[in-house]
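One structure is given here, and the rest of the page talks about it.
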Amino acid sequence: MKVLVPVKRVIDYNVKPRVKMDGTGVDLANVKMSMNPFDEIAVEEAIRLREKGAATEVVVVSIGPAKAQETLRTALAMGADRAILVTTDDAVEPLAVAKILKAIADEEQPGLVILGKQAIDDDSNQTGQMLAALMGRPQGTFASKVEVEGDSVTVTREVDGGLETVKLAIPAIVTTDLRLNEPRYASLPNIMKAKSKPLANKTPTDYGVDTTPRIETVKVSEPPKRVAGIKVADVDELVAKLKAMGVAA
Amino acid sequence: MPSYTPPIADTRFVLDQVLGIDRYANLPGFAAASPDIVQAVLEEGGRFCAEVVFPTNQSGDHEGCTRHDDGSVTTPAGFKEAYKQFAEAGWMGLGAPEQYGGQAMPHVVSTAFEEYLISSNMAFGMYPGLTHGAIAAFLAVGSDAQKALYLPKMIAGEWTGTMNLTEPQCGTDLGLIKTKAELAADGTYKVTGTKIFISAGEHDLSDNIIHLVLAKIPGGPEGTKGISLFIVPKFTLDSDGNPGARNAVSCGSIEEKMGIHANSTCVMNYDGATGYLIGEENRGLAAMFIMMNAARLGVGLQGLGIGEVAYQNAVAYAKDRRQGRALTGPAEPDQKADTLFVHPDVRRMLMECKASLEAGRALMLWGALQVDLSHHAADEAERQAADDMLSLLTPVIKGYLTDLGYEIATKAQQVFGGHGYIREYGMEQYVRDARIAMIYEGTNGVQAMDLVGRKLPRHGGKAAMALFGLISADIAGAKDGRQAELAGKLEKALGELQAGMMWLMQNGMKDPNNAGAAAYPLMTMMGIVSLGWMWLKMARAAQAQIDAGEGDRGFLDAKLVTARFFAERILPDVGALRRKLEGGAEAVMALPVEAF
C-alpha cells in the first residue's frame with residue numbers, strides 16, 4: 001500500500017508573525033519557514049506505517065513556491081521515499097490544492113492520504129475534507145490513532161466530547177491531530193540521502209487545475225493589544241460592572 | 001531558565017558569503033556540502049542540540065556525575081538517553097571518513113555543528129569531543145588493523161575515547177611522565193601508572209571507552225623523547241572485535257570542580273592494564289600533539305559556544321527587563337520604565353559581546369577551513385600554506401577565544417545584575433563552565449609562549465609574514481570602497497602588531513624574559529587584529545550583498561554597524577597592548593620573590 005502525504009511550507013511556528021504595513025498579509029520576507037507541524041505528524045505516521053509493514057511506499061507532495069522543495073527534502077530526510085513538487089507562486093487555497101491532490105491520487109492510487117488537519121498559516125481545516133469529497137472516499141479527520149487492518153483503517157478521532165472511533169474502507173483520507181505521534185529528528189545519514197531521493201517537478205497545469213485565488217483578502221491586521229483589567233473589591237461590584245456592561249441581567 | 005537558538009543565519013553568512021565554501025566544491029567532502037545539504041545539516045543538527053541536548057544542561061550542572069564504590073561513574077539524569085539519540089542519529093560521524101561509517105563532511109561544517117552542541121551543553125559535548133580527538137589520533141598514526149578495529153564503533157558513537165597525558169607530578173612538562181608500559185610475551189604491553197584530570201575517563205554513556213595513554217617503555221630515552229602512545233580499552237576486545245574482558249584500568253575518583261560538572265573528570269589507575277602500541281615507539285608525543293592541536297581548536301570553540309549562549313540570554317533579558325529611564329528622556333513614556341537596552345553601558349557590554357562573537361565565529365570557521373585545505377587542497381604548496389597558517393593561529397584561537405568566552409560570559413552575567421549571580425537564571429553556570437577553557441589543553445599562558453617561542457619564529461617567520469600579507473591584501477582591496485574607514489583602522493592596528501613583533505625580535509634575543517613577558521600581550525594583539533580582519537571580510541561581504549540587492553537587509557546592516565563598533569571600540573586596544581609589550585620584562589621581573 002502506498003501512502004500519499006501532502007506537506008505545506010508555512011511560517012515557522014516559533015516565529016512571531018508581523019503584518020505587512022499595507023495590511024495585505026503577513027510579512028514573509030526573510031522569515032524562517034518550515035513544514036506545517038500537523039504535516040510533520042502526517043509524514044511521521046506514514047513512515048511508521050511503512051516501518052510496521054502496513055505501507056510499502058511514502059510519497060510526499062507539496063504545492064507552493066519553488067522553495068517548497070526544502071520542505072519536501074525535510075520529509076525525505078525523515079524517511080519518505082520520493083517527492084512531487086507542484087510549483088505555483090499563487091497563494092494556494094484549499095479547493096485548488098484538493099483538486100491537484102485528487103489528480104495526483106488518481107495517478108498514484110494511494111491506499112491512504114494522510115494530511116495535517118490544518119495549516120498553521122491560514123488555519124483553513126478544509127483540504128482533507130474537500131479531497132475526500134472530490135475522491136468520493138471516506139474520511140477520518142483529527143486522528144489521534146491510526147490502525148491499518150487488511151483493507152480497512154481504524155481511526156480514533158479527537159472530537160469535542162472525547163474520542164470517536166471510525167472504521168473506513170481503504171482508500172481513505174486521514175487528517176492528523178497533535179496527539180497522533182511525536183515526529184522524529186532526521187538522522188544525519190538520512191539527511192545526506194534525502195538529496196538523492198527522486199523529486200518530480202510539476203505545475204498545476206500538468207493536472208489541469210487553475211490555482212487563481214477565488215478568495216479576496218480584504219484586510220489583515222494585528223490582534224488588538226490587550227488592555228489592562230480592573231480590580232473589583234467584591235462580588236457585588238463585579239455583578240454591578242457586568243450589569244453595566246450589559247453581559248449580565 | 002536560559003534558552004538557546006542556534007545562530008544558523010550567522011553561520012551560513014560566514015560559510016557562504018565570507019569563506020565562500022562553494023569555491024572548494026572540487027575538493028573531497030566539499031562536493032557533498034552543497035548549500036542545501038549544509039542548510040539541512042545545520043537546521044536539523046541545531047534543532048537536535050537545542051531540543052534534546054540543551055534541556056540537560058542546567059539539570060546536569062546541578063546533579064553532576066556520581067562515582068560509585070565499584071569505580072563506575074554515572075552521568076546526570078537524561079544524559080544517557082540524549083547521548084543514545086545523538087549517536088543513533090549519526091551526529092558523531094559528521095566529519096569522519098566514509099570508509100569507517102562517517103559522512104565525510106568538511107571539517108568546517110562539522111565545526112559549525114559542534115558550536116551548537118557546545119552552546120547547548122558544554123559538559124555533554126565533551127564526551128563526543130574527546131572521542132573526536134581519539135579518532136584523529138587513530139587516523140594519523142594507527143595501523144590499518146587498529147583503524148578497522150576501533151574506528152567504526154567510535155564513529156558510530158558506540159565507544160568513546162579519552163586522552164591520558166597528565167599525571168600528579170606532570171602537567172605542562174610531559175618529560176616527567178612515570179607511567180610505564182612493559183612489553184609482554186604476546187607483543188602487547190602492560191601499562192602501569194596513575195593519570196589525573198582525565199575528562200570522560202569513566203561514565204555510563206558507551207559500551208566501551210578507548211583510552212589513549214602516554215607512557216614510557218623501560219630502557220627508552222629520557223624525557224619527552226622516550227614517550228610512546230598506547231591504546232588501553234576499558235574492555236579488551238574479543239576475537240569478534242566486541243568488548244570482552246574488563247581491563248585493569250579503573251577510575252579511582254572523580255574531581256569536584258568549579259564547572260563542567262556533568263563531565264566526569266577522573267583519576268585513572270592503570271594496574272598492568274593491557275595496552276597496544278599505536279604509532280611508533282618513542283614517538284608518542286608527536287602523535288599526542290596531533291590530538292592536542294585538534295583539541296586546542298575544539299577548546300577555542302568552547303569559548304565561542306559558551307559566549308554565544310550567554311550573550312543570547314543577556315539580550316533576551318535586556319529586552320525584557322525594565323529599569324530606569326534613558327539618559328535622553330523616557331524612550332517608552334507609557335511604560336513605568338525603559339528596557340535595559342536604552343542604557344549605553346548595557347549596550348557597551350552587549351555590543352562588545354556581539355562584535356567579538358561574530359568575528360570569533362568567522363575566525364573559528366576560517367581556521368576549520370584551513371584544516372580541510374591542509375589535508376585536501378589540490379597542490380602541496382597550498383596544503384603547506386594552510387598548515388602553516390593553522391599552526392600559527394591555533395594558539396591564538398585557543399588562547400584568545402577562550403579569554404573572550406569567559407569575558408563574554410561575565411559580561412552577559414553582568415547584564416542580569418543580581419539575578420546573574422542566582423543559580424536559577426543559569427548565567428553563573430556559563431561563567432564557571434567557560435573558565436576551564438582558559439586552563440586546559442595548555443593554559444593560555446602556555447599558548448602565548450607557544451606562539452612566541454615556537455610558531456612565530458618557525459621557518460624564519462614565514463607563516464606570520466604570509467598572514468600579514470593576506471590581511472594587507474584585504475585592506476588594500478577595501479581602501480577605495482565603502483569599507484575604507486574600517487580598512488584604515490585595521491591597517492593602523494596591523495602596524496602596531498608588526499611593530500610589537502619587531503620589538504620582540506630585537507629584544508627577545510637579548511633577554512629571553514622580554515619574550516616571556518611580551519608573549520601574552522602579543523597573543524591578545526594577534527587575536528584582536530585577526531578578529532578585525534574577519535570584520536573587514538564580513539563587512540565587505542555584507543556590502544556586496546546589499547549592493548546586489550540580495551539577502552536580509554536588516555541582518556546585513558547589523559553586520560556593518562557591528563563592524564564599525566569593533567573598529568572604534570575594540571581595535572584601539574592593540575595600541576595600548578603594544579606600549580605594554582614594549583615596556584619589556586624589567587618591571588615584571590624586578591620585585592624580589594621575598595617581597596611578594
Side-chain angles (χ1 to χ4, degrees), chain A residues 7 9-16 18 20-21 27-35 37 40 43-44 47 51 60 62 65-80 83 85 182-199 201 225-228, chain B residues 3 5-9 12-13 29 31-53 82 85-96 98 101-105 109-110 113 155-157 334-336 545 550-558:
Chain A
V7 295
R9 181 175 188 267
V10 298
I11 186 166
D12 188 84
Y13 71 99
N14 277 314
V15 174
K16 190 170 179 288
R18 282 186 323 253
K20 282 187 201 162
M21 297 293 265
D27 188 2
L28 295 180
N30 299 307
V31 166
K32 188 177 179 217
M33 305 291 281
S34 302
M35 190 192 300
E40 231 181 320
V43 174
E44 175 68 31
I47 296 169
E51 285 170 350
V60 285
S62 192
K67 283 219 159 189
Q69 180 174 341
E70 289 168 17
T71 312
L72 288 171
R73 293 283 176 211
T74 304
L76 293 172
M78 287 174 72
L85 174 62
E182 204 177 310
R184 70 192 61 196
Y185 293 94
S187 74
L188 180 62
N190 279 340
I191 294 171
M192 307 290 282
K193 266 186 243 159
K195 205 188 172 183
S196 51
K197 287 182 179 174
L199 187 148
N201 279 293
K225 281 225 167 74
R226 277 186 65 173
V227 289
Chain B
S3 64
T5 308
I8 292 170
R12 285 291 304 274
F13 175 72
S34 58
D36 52 339
I37 284 282
V38 172
Q39 178 70 18
V41 165
L42 295 180
E43 284 257 353
E44 191 67 5
R47 194 163 77 101
F48 181 88
C49 291
E51 293 178 8
V52 177
V53 180
Q85 272 184 279
F86 175 84
E88 282 176 358
W91 292 108
M92 195 63 221
L94 184 56
E98 256 175 323
Q103 297 296 334
M105 286 291 268
V109 175
S110 60
F113 166 74
I155 288 168
D334 56 329
Q335 299 281 347
K336 284 190 177 135
Q545 274 196 294
E550 291 168 5
D552 177 347
R553 189 62 199 260
F555 176 88
L556 297 170
D557 282 343

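Sequence lines set the chain letters: A, B, ... in the order given, protein chains first and strands last, and positions in each chain run from 1.
- Contacts with chain A were tallied for B:Ala32, B:Ala89, B:Gly90; B:Ala89 has the most, counting heavy-atom pairs under 4.5 Å.
- Here the CD atom belonging to B:Gln39 is positioned 11.0 Å from the CD1 atom belonging to A:Ile191, to the nearest 0.5 angstrom.
- Heavy atoms only, all atoms of each residue included: A:Ser187 and B:Glu88 are closest at CB-O, 4.5 Å.
- Heavy atoms closer than 4.5 Å to chain B are found in both the backbone and the side chain of A:Ala186.
- Taking 4.5 Å as the limit, every side-chain heavy atom of A:Asn30 sits out of range of all side-chain heavy atoms of B:Phe555.
- In this structure, chain A has heavy atoms under 4.5 Å from both the backbone and the side chain of B:Glu51.
- Looking only at side-chain heavy atoms (C-beta outward), A:Met192 and B:Ile37 come within less than 4.5 Å of each other.
- Salt bridge A:Arg73/B:Glu44: absent, no basic N to carboxylate O contact under 4.0 Å.
- Residue B:Ile8: no heavy atom, backbone or side chain, is found under 4.5 Å from chain A.
- Heavy atoms of B:Asp36 lying under 4.5 Å from chain A belong exclusively to its side chain.
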